Amino acid sequence: MDEQQRAVVNRLKTARGHISGIVAIVEEDAYCPDVMKQLAAVQGLLEGASRLMLRRHLETCVAKAMQEGRTAEIVDELMETLKFDKQVFRPAPSAGPDAVEPEYGGARHD
């Protein structure tokens with residue numbers, strides 16, 4: 001097992017333990033925001049594990065497919081895989097009156 005796999009397994013085991021704890025506090029009728037905070041922590045662990053798996057996939061499978069000339073195939077697969085990543089395919093924020101302009105390192109061009 002390589003370092004990335006160990007990191008994913010560790011995150012998943014931590015999430016598993018955390019979920020057991022959440023089940024216990026729900027059964028004890030814990031305060032709802034406390035439960036939600038714990039659920040968010042587990043979601044963070046799972047999202048982190050997913051990102052590690054994506055990185056591993058890019059560094060191994062995608063790189064190999066590109067070297068073998070299977071670019072279109074791997075791009076299609078990657079686009080399908082990224083549908084599971086809520087950060088990549090989240091809706092773009094609307095530019096309303098309170099929208100903040102992103103800061104860039106260079107000069108501003110109006």
Side-chain angles (χ1 to χ4, degrees):
M1 189 177 336
D2 65 30
E3 185 178 327
Q4 286 176 326
Q5 285 174 304
R6 271 193 301 280
V8 169
V9 168
N10 287 341
R11 284 176 186 258
L12 293 174
K13 286 181 178 181
T14 301
R16 179 175 57 196
H18 221 97
I19 289 172
S20 295
I22 295 169
V23 169
I25 66 172
V26 169
E27 290 174 342
E28 295 168 5
D29 199 27
Y31 188 55
C32 297
D34 292 341
V35 174
M36 293 168 65
K37 182 178 179 180
Q38 297 305 314
L39 290 169
V42 171
Q43 288 171 337
L45 286 165
L46 295 175
E47 287 171 9
S50 182
R51 291 205 178 271
L52 287 170
M53 290 304 302
L54 176 59
R55 179 176 197 89
R56 185 170 191 268
H57 183 60
L58 292 171
E59 291 174 349
T60 58
C61 303
V62 172
K64 182 178 180 187
M66 301 271 296
Q67 290 170 348
E68 293 172 350
R70 297 184 293 121
T71 305
E73 173 190 334
I74 201 68
V75 167
D76 288 344
E77 177 190 289
L78 194 53
M79 292 302 293
E80 185 65 29
T81 301
L82 290 176
K83 288 181 183 178
F84 301 110
D85 189 320
K86 293 177 183 175
Q87 295 296 319
V88 173
F89 285 108
R90 69 176 179 235
S94 62
D98 298 329
V100 177
E101 258 186 67
E103 293 184 28
Y104 299 101
R108 188 174 169 172
H109 302 283
D110 290 305

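Values below: all heavy atoms of this structure, side chains included; hydrogens, waters and symmetry mates excluded. Here the structure is a predicted model, which means the values were calculated and not measured.
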field: Considering all heavy atoms, the nearest V8-A49 contact
entry: CG2-O, 3.9 Å

- prompt: CG of L54 to OG1 of T81: how many Å apart, nearest 0.5 Å?
  reply: 8.0 Å

- request: Kindly compute the distance separating CG (L46) from CZ (R11), expressed to the nearest 0.5 Å.
  value: 10.0 Å

Hydrophobic cluster identity match, L52 and V42, side-chain contacts under 4.5 Å: yes

- prompt: In terms of hydrophobic clusters joined by side-chain contacts under 4.5 Å, are L12 and L45 together?
  reply: no

Residue pairs, two or more places apart or on separate chains, that pass side chain to side chain donor-acceptor pair (under 3.5 Å) and touch residues 13-23: H18-Q38

Side chains of residues 25-37: which donor-acceptor partners sit under 3.5 Å, not counting sequence neighbours?
none

- prompt: Going by side-chain heavy atoms closer than 4.5 Å, which hydrophobic residues are tied to M1, directly or by a chain of links?
  reply: V9

query: Which residues satisfy the salt bridge (Lys or Arg N to Asp or Glu O under 4.0 Å) test with E80, sequence neighbours excluded?
result: K83

Enumerate donor-acceptor pairs with a distance under 3.5 Å from any side-chain N or O in residues 55-72 to protein atoms, sequence neighbours excluded.
| unit_1 | atom_1 | unit_2 | atom_2 | d |
| --- | --- | --- | --- | --- |
| R55 | NE | E59 | OE2 | 3.0 |
| R56 | NE | D2 | OD2 | 3.2 |
| R56 | NH2 | D2 | OD2 | 3.3 |
| H57 | NE2 | E77 | OE2 | 2.7 |
| E59 | OE1 | Q4 | NE2 | 3.1 |
| T60 | OG1 | R56 | O | 2.6 |
| E68 | OE1 | R70 | NE | 2.9 |
| E68 | OE1 | R70 | NH2 | 3.0 |
| R70 | NH1 | E73 | OE2 | 2.9 |

